[in-house]
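Every chain is numbered from 1 and lettered A, B, ... according to where its sequence line falls, protein lines coming before strand lines.
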There are 2 protein chains.
Amino acid sequence: MTNPDMSGMDRIGLMQTFVRIVEAGSLSAAAAQLGTSQPTVSRRLQALERSLGLELLQRSTHAMKLTDDGARCFAHAKTLLESWQAMTADLRGAKDAPEGHLRVLVPHAFGQDQLMAPLMAYLRRYPQSLSNGCCMIGVPISLLRASIAPCRSARWTIPP
Amino acid sequence: MTNPDMSGMDRIGLMQTFVRIVEAGSLSAAAAQLGTSQPTVSRRLQALERSLGLELLQRSTHAMKLTDDGARCFAHAKTLLESWQAMTADLRGAKDAPEGHLRVLVPHAFGQDQLMAPLMAYLRRYPQSLSNGCCMIGVPISLLRASIAPCRSARWTIPP
DNA sequence: TGTTATTACGGCGCCCGTAAGGATT
DNA sequence: AATCCTTACGGGCGCCGTAATAACA
C-alpha cells in the first residue's frame with residue numbers, strides 16, 4: 001500500500017507531482033490521479049517550494065493560481081521530465097512499454113462496454129501513459145471515432 | 001554528519017553521483033570529491049543500475065570501464081543535469097549565489113594566510129560551487145597567480 | 001602491503017497513510 | 001453541509017557511516 005512506482009520519492013518525483021497538480025487544477029485531483037493521498041501531494045508541493053526557496057502557487061481553500069515563479073518552474077519541469085523520459089526510453093529500449101499515440105475507432109455504445117475495460121487494463125498495465133497527459137475526445141457518432149491522445153487538463157483515474 | 005547539500009538522495013542525486021564517478025575515474029575518487037564514503041558511492045551506483053535494470057560500468061578491483069549502456073546513460077545524464085541546473089539557476093535568479101569562474105591573483109605567501117580563510121568561508125557559504133568541480137592550480141611564483149576555476153579530478157573538502 | 005570495491009550492521013531521518021482541524025462556498 | 005487544504009501522529013523503509021571482508025597490483 002505504498003507507491004505505484006514512482007520508485008522512491010525524489011526531486012524528479014516532486015516535479016512530476018507539481019506538473020500533475022498544475023495540469024489537474026487542484027491538489028485533490030492530482031492526488032486521485034496519482035493514486036495517493038491529499039496530504040502527500042500537499043507535503044510534496046511544500047517540499048518542492050521549500051527546496052527551491054520560493055512560492056510556486058498561491059492556494060486558498062477553493063482556488064489555485066500559478067505564481068510567476070511557478071509558471072517558469074512549470075515550463076522547466078516539463079522540459080526536464082521530457083529529458084528524463086527520453087533517457088529511460090532510450091536506455092530501456094522499446095522492449096519494455098509501448099510508446100506513442102493510441103488511436104481507437106469504435107462505435108459509441110460499443111465503446112461503453114467493450115472499450116473501457118481493456119482501456120482500463122491497459123492504463124493499469126502502463127500507468128506512465130498518464131504522465132504524458134491522457135484524454136478522450138468525443139466525436140459525433142457519424143464519424144464513429146473515439147481518440148486517445150496526449151493533451152493537457154485531463155482528469156483520469158484508474159479504478160482498482 | 002550527513003549530506004553536504006545533495007538535499008536527500010534521489011534519482012537526480014544518483015545521476016550526479018554517476019557522472020562524478022565517470023569523470024573521477026573511480027568510486028573512491030568520486031567519494032572523496034563528493035565528501036562521502038566509498039560504500040555510499042558504491043550503493044548509489046548499484047541503486048541506479050538496479051532502477052534502470054542494466055549494468056552501467058563493469059568494475060573489477062583495479063579498473064573501470066563504461067558499458068555501452070553506461071556511455072549512453074552518461075550522455076543523457078549530462079544533458080539532464082544541465083537542464084536541472086538551468087532550472088535552479090533561472091528560478092533562484094542571480095540573487096542567491098554567484099556563478100561563473102572565480103579567479104584570484106595573489107602572492108603565494110599572502111595566499112596562505114589571507115586567501116585560505118575567506119576561500120573556506122566562501123565555499124562553506126556556497127557549497128554548490130564544489131558540485132561543478134573545483135580545483136586550485138599552482139603557478140610559478142614569478143606569475144604570482146593562483147587560479148580557482150572548474151576542472152576535473154580535484155579533491156576538496158570543507159573543514160568545519 | 002596498500003588500494004580498491006563490496007557486504008554487514010546499527011541508527012537516524014524522511015516519507016507515507018490515517019485522522020483531526022480550519023477555512024471557504 | 002460539502003469540499004479543499006493543512007497539521008498531527010505513529011510506523012516503516014531507505015540511506016548513511018563505520019567496520020569488516022575480498023580481490024588485485
Peer 1: Do you know the tightest heavy-atom contact between B/Ser83 and A/Leu80?
Peer 2: C-CD1, 3.9 Å
Peer 1: Rounding to a whole Å, what distance do you find between A/Leu34:CG and C/dC16:C1'?
Peer 2: 14 Å
Peer 1: Looking only at side-chain atoms of B/Gln38, point me to the closest of D/dA8, C/dA5, D/dC5.
Peer 2: C/dA5
Peer 1: Grab the two heavy atoms, one from B/Phe18 and one from B/Gly70, that are nearest each other, plus how far apart they are.
Peer 2: CZ-O, 3.7 Å
Peer 1: Starting from P on C/dC15, measure out to CG on A/Leu14 and report it in whole angstrom.
Peer 2: 8 Å
Peer 1: May I have the step-by-step check of side-chain contact (heavy atoms from CB on, under 4.5 Å) for A/Thr40 and A/Leu34, ending in yes or no?
Peer 2: CA-CA 10 Å; A/Thr40 292; A/Leu34 290 168; over 6 Å; no
Peer 1: Which nucleotide, C/dG17, D/dG17, C/dT7, lies nearest any side-chain atom of B/Ser37?
Peer 2: D/dG17
Peer 1: Rounded to whole Å, please give me the gap between CZ in A/Arg59 and P in D/dT7.
Peer 2: 9 Å
Peer 1: Quick one, A/Ile21 and A/Leu57 - any side-chain contact, counting heavy atoms below 4.5 Å?
Peer 2: yes
Peer 1: Classify the side chain of A/Arg43 and the base of C/dG17 as holding, or not holding, a donor-acceptor pair under 3.5 Å.
Peer 2: yes
Peer 1: Any idea which of D/dG17, D/dT6, D/dA19 is nearest the B/Pro39 side chain?
Peer 2: D/dA19
Peer 1: Roughly how far, to the nearest 0.5 Å, is the CZ atom of A/Arg43 from the OG1 atom of A/Thr17?
Peer 2: 12.0 Å
Peer 1: According to the salt bridge (Lys or Arg N to Asp or Glu O under 4.0 Å) rule, which pairs have a member within residues 45-58 of chain A, sequence neighbours left out?
Peer 2: A/Glu49-A/Arg59
Peer 1: Just how far, in rounded Å, is C1' of C/dC15 from CZ of B/Arg11?
Peer 2: 14 Å
Peer 1: Find the distance B/Leu27:CG to D/dC16:P and express it as a whole number of Å.
Peer 2: 14 Å
Peer 1: Can a side chain N or O of A/Ser28 be found less than 4.0 Å away from OP1 or OP2 on D/dT3?
Peer 2: no
Peer 1: Would you kindly give the CD1-to-C1' distance between B/Ile21 and C/dA5, to the nearest whole Å?
Peer 2: 11 Å
Peer 1: Please report, rounded to the nearest Å, how far the P atom of C/dT4 is from the CD atom of B/Gln58.
Peer 2: 20 Å
Peer 1: State which of D/dC5, C/dA5, C/dT6 makes the closest approach to the side chain of B/Gln46.
Peer 2: C/dT6
Peer 1: Taking for each residue the nucleotide of DNA chain D with the nearest heavy atom, is it B/Thr40 or A/Ser42 whose nucleotide lies nearer the 5' end?
Peer 2: A/Ser42
Peer 1: Between C/dA5 atom C1' and B/Glu49 atom CD, what is the distance in whole Å?
Peer 2: 13 Å
Peer 1: Does A/Ser26 use its side chain to pair, donor to acceptor, with the backbone of A/Ala29 at less than 3.5 Å?
Peer 2: yes
Peer 1: Grab the N/O contacts between the protein and nucleotides 21-25 of chain C below 3.5 Å, and write none if there aren't any.
Peer 2:
{"from": "C/dT24", "atom 1": "O4'", "to": "A/Thr61", "atom 2": "OG1", "distance (Å)": "2.7"}

